[in-house]
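See below for the structure under consideration.
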Amino acid sequence: MDVEAKRIMALSISKLYSLRTQRGGLSLHRSLLLSLTVRAARDIYHTAQLLRDAEEEQVVPCAPDAAIEEPMEISNDSPQTLTPKEVAMKPQEPKETLEDDKENRCASERHSRKRCCKTAVEPDFLPLKKAKMDTDEEKQHLHGEVLRTNNGNSCRQAETLTAFPTNRAIVAC
Amino acid sequence: MAGAGGGGNDVQWCFSQVKGAIDDDVAEADIISTVEFNHSGELLATGDKGGRVVIFQQETENKSQPQCRSEYNVYSTFQSHEPEFDYLKSLEIEEKINKIRWLPQKNAAQFLLSTNDKTIKLWKISERDKRPEGYNLKEEDGRYRDAATITTLRVPVFRPMDLMVEASPRRVFANGHTYHINSISVNSDNETYLSADDLRINLWHLEITDRSFNVVDIKPANMEELTEVITAAEFHPHQCNTFVYSSSKGTIRLCDMRASALCDKHSKLFEEPEDPSNRSFFSEIISSISDVKFSHNGRYMMTRDYLSVKIWDLNMENRPVETYQVHEYLRSKLCSLYENDCIFDKFECCWNGNDSVVMTGSYNNFFRMLDRSQRRDVTLEASRESCKPRQVLKPRRVCAGGKRKKDEISVDSLDFNKKILHTAWHPQENIIAVATTNNLYIFQEKVN
């Protein structure tokens, strides 16, 4: 099930990116539907991951907390070297933060165990370091967008539309 | 003359005409994007991806041959929209005609609204069958006469000429929408109309192009919180204060403009609880409503989502009164349909003249007639193989699985590139227009 979820996530994100080059501009409706699908697939994937991790924890009960915390610190310090998913997530909901941690943890665990897999698993259509910068710019754009009293005549579509999908773009590695 | 009574299994449909190129190599500009009969049914308009509008006119009936129903022939063709470029956003604005809506006829001329993603235009289509002749200062070909040669004075007179149909843009309603326009709907007051994009609905006066009123705005302050968009909107056929809009979440909101100037708060919310057994990755996508249409009598409305058609009673908000499965056999194929983007196809639906039958399209050039009064449905096909004059259409059946019977087609053999998204039903008679990718099929009721 999580293999399917991962596949659908990757497929959805590639569709989101290909939307940008479409004639006629970004379709908000299509972007929204794709993002919702990514989220649904992500939720299923994480649930499967959690179940798997819970199983593993039972198998190796003495996995020290230090080992878990270390990679988390590493990941917090240098998010740019990881896959771009984590940079987009803001700690809005505590639940999401918890998921962040779990994601980071499993991501870094994977990295420590199988570093060579990173390039293989990570889809090559995703920007790596660019994501962090994009977030800052997008936040500014969004903020500016809200401030401008948009009566529908100031076509600020591009900023909001580029902001919208990538902030939600979550990729599992 | 047949009223538009039962269209399901009572009526036998037969081929009448097909318009468009025969070859399979379809030019993208020729892809039909909208089909609409006018209020009398005499005119049939189509819009295409290339921004063109083609209007067909029904010939006046041949009384001596009642079996031969009148045909639709090209009446006018014009370029409604051109591709534009928004330099500020570096975005191209497609010329594709998203919707055409006719205005009720008030005088000799016909008026229609056509829209692309950003701009709505009001077109006047008028006939000219006379021209003035006998000018004093000009020759018939337009050249000016030498003043010295003019010795007499005469009054120019109108003389008959070959019929010329002219289309001229009378109003251009621009810069009203940030997002892509998906619907336009003329109000029953014949003075105003609405246009809807993904997040907003504007109210326009037909005479005024430099401003419009925003009546619905569902844009969240923070775009990250966006959960649904507007997918279609329509005015009530009789109540000029009432309109509905559908959303990508499968809900329909009815708004009353008398309640407040801004209709962000709906008067009624139509929503059916989701069946948890049908939940999948793609539940959100397939519940998105692609079309909403009021019945002619104004008591019901119909919605189309990816797999079904639902009829709602305006007085009952918690569930539809009728639900019809269009192609339930696709439910197990949603993943493949997601991969090839077919799951995003926006099918339209339409009522017949007396609201007893509804019609919608499907894949493989199939379309479905759903008879409400007799609770029966039939699947028909628009294909070049059934193009003999007055050839009766045979019902088609899709085999969902298991043993395929004779004359059935299996789900895996369906051609998902051949989709019927746009259909229209004559307001009074049993004449239907069905658009395949680049052809327009006209079918009529078999007359014995």
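A quick note: this is a predicted structure, and the numbers were derived from the prediction, not measured. Quick note on labels: first sequence line is chain A, next is B, and so on, each numbered from 1.
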Ring pair (Phe, Tyr, Trp, His ring centres under 6.0 Å) filter on B:Phe347, not counting sequence neighbours, yields B:His327, B:Tyr363
Just jot down the ring pair (Phe, Tyr, Trp, His ring centres under 6.0 Å) partners of B:His81, sequence neighbours excluded, or say none. none
Bottom line for B:Lys346: the part with an atom under 4.5 Å from chain A's heavy atoms is side chain
Parallel, tilted or perpendicular: ring planes of B:Tyr338 versus B:Phe282, cut at 30 and 60 degrees: tilted
Between B:Lys333 and B:Phe416, is NZ or CZ placed under 6.0 angstrom from the six-membered ring centre and within 45° of the ring axis? no
Which bit of B:Glu339 is near chain A, if near means a heavy-atom gap under 4.5 Å: side chain, backbone, both or neither? both
Between B:Arg304 and B:Glu348, is there a side-chain N and carboxylate O pair less than 4.0 Å apart? no
Using a 4.5 angstrom heavy-atom cutoff, name the option from B:Asn116, B:Leu199, B:Thr227 with the most pairs to chain A. B:Thr227
For each of B:Glu228, B:Glu94, B:Glu92, tally heavy-atom pairs with chain A at distances under 4.5 Å, and name the one with the top tally. B:Glu92
Bottom line for A:Leu36: the part with an atom under 4.5 Å from chain B's heavy atoms is side chain
Of the backbone (N, CA, C, O) and the side chain (C-beta and beyond), which part of B:Asp197 lies under 4.5 Å from a heavy atom of chain A, both, or neither? neither
